[in-house]
Amino acid sequence: MLDYSMLYPESTVSRRAVSMDGMWNFQLDEKEEGIASGWTEGLPSPDSIPVPASFQDFYTEKDIREYAGDFWYEKDMFIPGEWEGKKVFVRFGCATHRAEVFVNGVKVTEHLGGFLPFSADVTDVVRYNAQNKLVVKVNNELSVTNIPCGTTITLSNGKKMAKPYFDFFNYSGLQRSVYLTAVPQEYIFDITTDYELCGEDAKVSYRIDTTGEHTVLVTLCDAEGNVAASAQGKEGVLDVKNAHLWEVRNAYLYSMMVQITDGAEVIDEYRQEIGIRTVEVKDTSILLNGKPVYLKGFGKHEDSDIIGRGFNIGVMKRDFELMKWIGANSFRTSHYPYSEEIYQMADREGFLIIDEVPAVGLFESLMNFMEASTGKQTAFFEKETTPELLKSHLHALEEMIARDKNHPSVIAWSLLNEPESTSDAAVPYFKEVFDKAHELDVQKRPRTFALVMNAVPGTCKCHQFSDIVALNRYYGWYVKGGHEMMDAREMLIKELEGWKAMNVNKPFIFTEYGADTLASEHKLPSVMWSQEYQEEYLKMTHDVFDSFDFVKGEQVWNFADFQTTEGIMRVNGNKKGIFTRQRQPKDVAYKLKQRWESLPVDF
Ligand SMILES: CCCN1C[C@@H](O)[C@H](O)[C@@H](C(=O)O)C1
């Protein structure tokens, strides 16, 4: 069990959640002098910067964009007198990739992992009815002992630089909202739900974790506010008659009200939206509420102009409108858990999410997938650092499942992305990760990982752990691109024939396939990077998918163009988007819309 609650910050009759978003003081600490120089009491010569946001794209200096090392944030926070007697926390949506938190000069917590929330209990260090000094030291260096993996080099001028083992920019900072929260001394710590369908009715099993022993009441209301069921006790089952199920692209949310009571007094109260649905794998089908579903959608990134990987509520709204327009029903949170608000929106809009832990870059090379496409074998999991990496990986997995477990939109866990999975050493590592996910998730959702290109029939030693086999494949781009596409098609068919011959009897989905495309490029006949080529590539790939009945999902890489490190393979970022980074359609979006709107519903 984590030592901080993962419940989303909410104000209720017993709680307060105050946003600290806005301009914060900010200062780089290239000499790593901050601790010794007393920055924990306040920054000596700060700039000011928005939170939530990555810091890299605000400035004009390349040294700042490429900065790797320590950097500090500072914010004054007023703690009202009426909070005295409650427990007071500072809750970070994330701090990328690690943080130490100080209040009034006292260290209150630290956290490793850049894409999940954590809280600092500041009850005993704050002054009430007064301003308090919050200072956060963040560090964005990469290594092979934390996820996502990479390394940090030192340039000839002594400056550090991140070298990711992954294909997205190492944006960092306080990239999600920060809240000041107050809860009663006895409060609701966690809520866990599970579902069973019984004809027209449903059973909602629940467990409520609190910090005390008073009575717990649970009331489930339908969307009209009518009580659908209620129960007393920290664990129980709510019998819901004529349950209105949560369906793909046809969401229905109930409101679960949880109260800790002492007679008529409400000690703590928290409300969470839930969707009654089941998800399971049966043979080669993915079943939602017992009915087969075919995943249509994307690999995405939390990525946009100016604020980088900062949570952008407007981009979130536009992305969902575009996904509805194009006929998608799902996306993978490649390659890290996204902001909570995105899952809340998917719950409301009826989108299916494959929730991915930031285990990317677990392959022994900088351009990992390029090495993989050459069949290069690496013993990534035989390093002496592997045990420490596994510890970080399992902790991030525990946080992700604790945070996202009650979202009806989350239908599967992606536990690694393009790891090295062809060596014997990978097998025990994968077993630990997959077993942990099964143990932590009361709903026992399907588990998967994205197979990199050298993980094919006969070489991959780890797809045995997957409930859904997810393939990242680029036949026609990284392999046999251009006029050789006819041979790429044959290679894709050959691989799928190979999987078919293995009688894996699991659903296969493509979690990546795509072609870099400049929205400015038209060419007849086509050439790679032209809009015409992206269309030809997707048509070839889809035609092959349609001839294998165990293919149960297609998630194009990528929803939108996104920022990567600079290099000879990237034109100011990855251009495989169906939409531009500014969320405007490339020509192929209209073809994809036609395909997805014409695909049969049942598979
Ligand atoms: C084996 C494919 C790996 N895949 C990872 C993803 O993060 C990259 O952006 C993508 C690409 O190269 O476009 C390749």
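Both counts, for ligands and for their atoms, begin at 1 and track the order of listing.
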Please list, in number order, the atoms of ligand 1 under 4.0 Å from a heavy atom of His335. 6 (C), 7 (O)
With a cut-off of 4.0 Å, which atoms of ligand 1 are near a heavy atom of Val452? 1 (C)
Heavy-atom gap Phe168 to ligand 1 smaller than 4.0 Å: no
Taking the six-membered ring for Trp and the full ring for Phe, Tyr or His, determine whether the centres of Trp325 and Phe320 are under 6.0 Å apart. no
Any idea which part of Lys575 is under 4.0 Å from ligand 1, heavy-atom wise: side chain, backbone, both or neither? neither
Per-residue contact class, Phe166 against ligand 1 - non-hydrogen pairs under 4.0 Å: neither
Going by the atom numbers of ligand 1, which of them fall below 4.0 Å from some non-hydrogen atom of Arg570? 11 (C), 12 (O), 13 (O)
Do any nitrogen or oxygen atoms of Tyr478 come within less than 3.5 Å of a nitrogen or oxygen of ligand 1? yes
Within residues 388-415 or reaching into it, pairs that qualify as salt bridge (charged side-chain N to carboxylate O under 4.0 Å, His left out) - sequence neighbours excluded: Asp190-Lys405
Just to be sure I read this right, does ligand 1 sit under 4.0 Å from the backbone of Asn558, its side chain, both, or neither, counting only heavy atoms? neither
Are His335 and Trp557 an aromatic pair by the rule of ring centers under 6.0 Å? yes
How about Tyr429 and His393: are their ring centres within less than 6.0 Å of each other? yes
Contact partition for Arg473 relative to ligand 1, non-hydrogen atoms under 4.0 Å: neither
N/O to N/O below 3.5 Å, does that happen between His301 and ligand 1? no
Phe559-His301 aromatic ring centre distance below 6.0 Å: no
Report yes if the distance between the aromatic ring centroids of Tyr343 and Tyr338 is under 6.0 Å, otherwise no. no
Could you check whether Phe434 and Trp413 have their ring centres less than 6.0 Å apart? no
Using atom types as modelled and distance alone, determine if a side-chain donor or acceptor of Tyr475 lies under 3.5 Å from a backbone N or O of Tyr478. no
Using distance alone, decide if ligand 1 has a nitrogen or oxygen within less than 3.5 Å of any nitrogen or oxygen in Asn472. no
Glu141 backbone acceptor or donor facing Asn139 side chain under 3.5 Å: yes
Is Phe562 touching ligand 1 with its side chain, its backbone, both, or neither, if touching means heavy atoms under 4.0 Å apart? side chain
Quick note on ligand 1: atoms under 4.0 Å from a heavy atom of Asn574 include exactly 9 (O), 11 (C), 13 (O)
